[in-house]
Amino acid sequence: MDLIYLAISATFVNNILLGQYLGNCPFLGVSKKLETAIGMSVAVVFVTILASTFTWSVSAYVLKPYGLEFLQTLTFILIIASLVQLVEIIIKKQSKALYNALGVYLPLITTNCAVMGVALLIAKKELGFIEMLVFSSTSAIGYGLALILFAGHRERLQISAVPQSMQGTAIALVTAGIMALAFMGFKGMAS
Amino acid sequence: MGNKITETLTAGLWKRIPPFRLVLGLCPALAVTMSAENGLGMGLATAFVLTLSNGAISSLRNIIPGKVRIASYIVIIATLVSIVEILMKAYFFTLAEQLGIYIPLIVVNCIVLGRAEGFASKNPPFVSMIDGVSVGIGYAISLTLIGSIREILGAGTWFGNPVMGESFEPISFLVSAPGAFVTIGSILAIQNLFSRWRGEKFIQG
């Protein structure tokens with residue numbers, strides 16, 4: 001029951017993008033087309049789960065037992081950066097189709113604060129292994145959900161008459177605000 | 001030389017002011033600007049990291065091999081961020097608690113890496129540090145501005161002091177998540193309007 005609660009909280013109530021404001025740079029960058037948004041979402045889900053598993057293990061088995069918590073920031077970013085590179089190389093070698101679909105998004109993910117943010121939130125909440133898996137996957141799915149929904153909105157925005165000063169990023173941010181307002185409606189479901 | 005320094009120094013305050021002109025580093029701009037104080041704290045922390053990282057990266061720009069430069073930049077930045085994190089926990093504990101995970105997240109703030117790649121890797125250390133100071137201060141000003149608007153209208157206070165009269169009904173929408181997006185979007189629109197009125201060219205798309 002607790003796990004379902006955690007999942008709903010991570011996907012909807014505390015949506016990583018609209019509730020915790022993480023990963024906004026790619027959010028505005030790749031959401032102009034639905035296709036790229038879907039590609040990015042899949043890449044984020046994949047990398048987030050992998051990165052969280054690794055950072056959790058290192059944190060639990062190396063940093064904590066030896067009292068090295070102050071190195072958290074440095075280790076986490078290094079793990080994420082090298083992991084992304086590794087995943088890129090493996091995908092390039094193993095599956096050409098997958099690489100063509102995800103390849104361009106992978107380097108972008110290193111600087112996507114959603115991945116690092118989820119890893120840090122897990123460390124802060126001191127979650128166990130199963131909880132960590134549920135939290136990271138549902139957070140990433142929530143990110144993908146918001147990104148894909150938002151890309152749909154932006155495709156519509158391109159054909160509507162927007163005041164000249166509001167064009168581009170300005171209207172995108174206001175739209176994101178209205179979407180965040182809609183996500184606030186989930187607040188009663190979990191905390 | 002003197003010209004270039006002045007130009008670099010002022011560019012960060014208007015021509016390249018983040019996060020409006022340089023649309024980078026939006027996450028902290030949205031997340032921590034519930035109050036003017038948080039915005040200022042976050043801005044100054046970022047400015048500190050940005051100045052030192054620009055200086056360090058620029059000094060090492062001829063030693064770092066091109067292929068692994070991003071990884072090297074990240075190590076330098078992460079070290080500086082860890083220093084800031086430890087210092088803030090020691091001297092500004094309440095602020096550090098409020099900013100929470102957003103302090104370690106300065107590592108992945110696109111501004112820091114963006115300036116390292118876009119400016120420090122091509123310019124000598126002194127000018128790079130000036131660029132860091134200028135963009136950093138521009139960022140701190142922006143964050144304080146966003147924080148002030150949200151705090152004054154959303155809670156009726158500024159830096160914790162009540163500024164609106166007793167009859168003021170706070171627009172609590174502004175201090176929660178959606179308000180952040182709408183505030184930044186509106187400021188951006190006003191800035192675009194002003195730039196158009198002055199006949200400047202747009203930088204952002």
Side-chain angles (χ1 to χ4, degrees), chain A residues 14-15 17-29 32 70-78 80-82 85 107-121 123-124 162-184 187, chain B residues 19-20 23-33 68 70-71 74-75 77-86 89 100-114 173 176-197 202 204-205:
Chain A
N14 294 315
N15 185 288
L17 191 62
L18 298 168
Q20 313 258 17
Y21 330 85
L22 294 170
N24 274 290
C25 302
F27 178 55
L28 292 169
K32 283 185 186 130
F70 68 95
L71 284 176
Q72 198 188 48
T73 315
L74 199 62
T75 11
F76 278 22
I77 189 69
L78 281 179
I80 292 170
S82 42
Q85 289 264 296
L108 279 176
I109 289 183
T110 316
T111 51
N112 184 338
C113 34
V115 179
M116 175 99 172
V118 170
L120 286 169
L121 279 174
K124 201 178 160 209
V162 179
Q164 219 177 352
S165 316
M166 293 288 280
Q167 273 167 11
T169 322
I171 190 75
L173 280 168
V174 175
T175 316
I178 296 167
M179 261 183 74
L181 204 58
F183 269 75
M184 262 178 97
K187 239 182 190 146
Chain B
F20 303 119
V23 190
L24 295 174
L26 274 175
C27 311
L30 291 160
V32 300
T33 52
V68 293
I70 302 287
I74 286 178
V75 175
I77 296 168
T79 315
L80 289 165
V81 170
S82 301
I83 295 173
V84 170
E85 202 184 342
I86 294 164
K89 274 198 186 131
I101 64 161
Y102 295 99
I103 301 177
L105 281 177
I106 298 176
V107 179
V108 280
N109 189 328
C110 332
I111 296 179
V112 185
L113 203 60
F173 151 76
S176 57
F181 288 101
V182 176
T183 314
I184 297 190
S186 315
I187 297 176
L188 206 59
I190 294 170
Q191 204 205 16
N192 285 346
L193 194 68
F194 185 69
S195 300
R196 271 228 326 268
W197 174 67
F202 282 134
Q204 64 186 23

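Please read all numbers here as calculations on a predicted model, not as lab measurements.
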K.L.:
When you compare the side chain of B:F181 with that of A:L18, does any pair of heavy atoms fall below 4.5 Å?
P.N.:
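They are in side-chain contact.
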
K.L.:
For A:Q72, give me all partners under side chain to side chain donor-acceptor pair (under 3.5 Å), at least two apart in sequence or on another chain.
P.N.:
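Per chain and number, A:Q72 pairs via side chain to side chain donor-acceptor pair (under 3.5 Å) with no residue.
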
K.L.:
Do you know which of B:S186, B:A177, B:S82 has the most heavy-atom pairs with chain A at a distance under 4.5 angstrom?
P.N.:
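Of B:S186, B:A177, B:S82, B:A177 has the most heavy-atom pairs under 4.5 Å with chain A.
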
K.L.:
If you define the side chain from C-beta out and look only at heavy atoms, does anything of B:V108 sit under 4.5 Å from A:I80?
P.N.:
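Counting from C-beta outward, B:V108 and A:I80 never come under 4.5 Å.
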
K.L.:
Measuring from A:M116:CE to B:I106:CD1, what's the distance to the nearest 0.5 Å?
P.N.:
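Separation between the atoms: 10.5 Å.
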
K.L.:
Using 0.5 Å steps for rounding, measure from the OH atom of A:Y21 to the OG1 atom of B:T33.
P.N.:
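Those atoms lie 7.0 Å apart.
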
K.L.:
List in chain and number order the residues that pass side chain to side chain donor-acceptor pair (under 3.5 Å) with B:T183, two or more places apart in sequence or in another chain; answer none if no residue qualifies.
P.N.:
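Checked B:T183 against side chain to side chain donor-acceptor pair (under 3.5 Å); zero matches.
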
K.L.:
Pick one of side chain, backbone, both or neither for B:F194, based on which atoms fall under 4.5 Å of a heavy atom in chain A.
P.N.:
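Looking at B:F194, nothing touches chain A.
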
K.L.:
So which part of A:Q20 gets closer than 4.5 Å to some heavy atom of chain B, the side chain, the backbone, both or neither?
P.N.:
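Its backbone and side chain both get close to chain B.
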
K.L.:
Check whether B:I101 gets within reach of chain A through its side chain, its backbone, both or neither, counting any heavy atom under 4.5 Å.
P.N.:
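For B:I101, backbone and side chain are both near chain A.
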
K.L.:
Less than 4.5 Å to any heavy atom of chain A: does that hold for the side chain of B:A29, its backbone, both, or neither?
P.N.:
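It is neither, since no heavy atom gets under 4.5 Å.
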
K.L.:
Can you say whether A:L78 sits under 4.5 Å from chain B via the side chain, the backbone, both, or neither, judging by heavy atoms?
P.N.:
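For A:L78, the contact with chain B is made by the side chain alone.
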
K.L.:
Which answer fits B:L113, side chain, backbone, both or neither, if we ask what part of it has an atom under 4.5 Å from a heavy atom of chain A?
P.N.:
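For B:L113, side-chain heavy atoms alone lie under 4.5 Å from chain A.
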
K.L.:
Any chance you could measure B:I103, atom CD1, to A:L120, atom CG, to the nearest 0.5 Å?
P.N.:
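Going from the CD1 atom of B:I103 to the CG atom of A:L120 covers 11.0 Å.
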
K.L.:
Which heavy atom in B:P178 sits nearest to a heavy atom in A:G177, and how many Å separate them?
P.N.:
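Smallest interatomic distance, heavy atoms only, reads CB-O, 3.3 Å.
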
K.L.:
Under 4.5 Å heavy-atom distance to chain B, tell me which part of A:I171 shows up: side chain, backbone, both or neither.
P.N.:
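Neither; nothing under 4.5 Å.
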
K.L.:
Using non-hydrogen atoms only, which part of B:A31 is less than 4.5 Å away from chain A: side chain, backbone, both, or neither?
P.N.:
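Both parts, backbone and side chain.
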
K.L.:
In a check of side-chain contact (heavy atoms from CB on, under 4.5 Å) between B:V81 and each of A:T73, A:L74, A:I77, which one passes?
P.N.:
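Output: one option passes, namely A:T73.
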
K.L.:
Of all heavy-atom pairs between A:G23 and B:C27, which one has the smallest distance, and what is that distance?
P.N.:
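Looking at all heavy atoms of both residues, the shortest contact is N-SG, 3.5 Å.
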
K.L.:
As an exercise: rank B:P104, B:A71, B:G179 by heavy-atom pairs under 4.5 Å with chain A and give me the winner.
P.N.:
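Ranked by heavy-atom pairs under 4.5 Å with chain A, first place is B:P104.
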
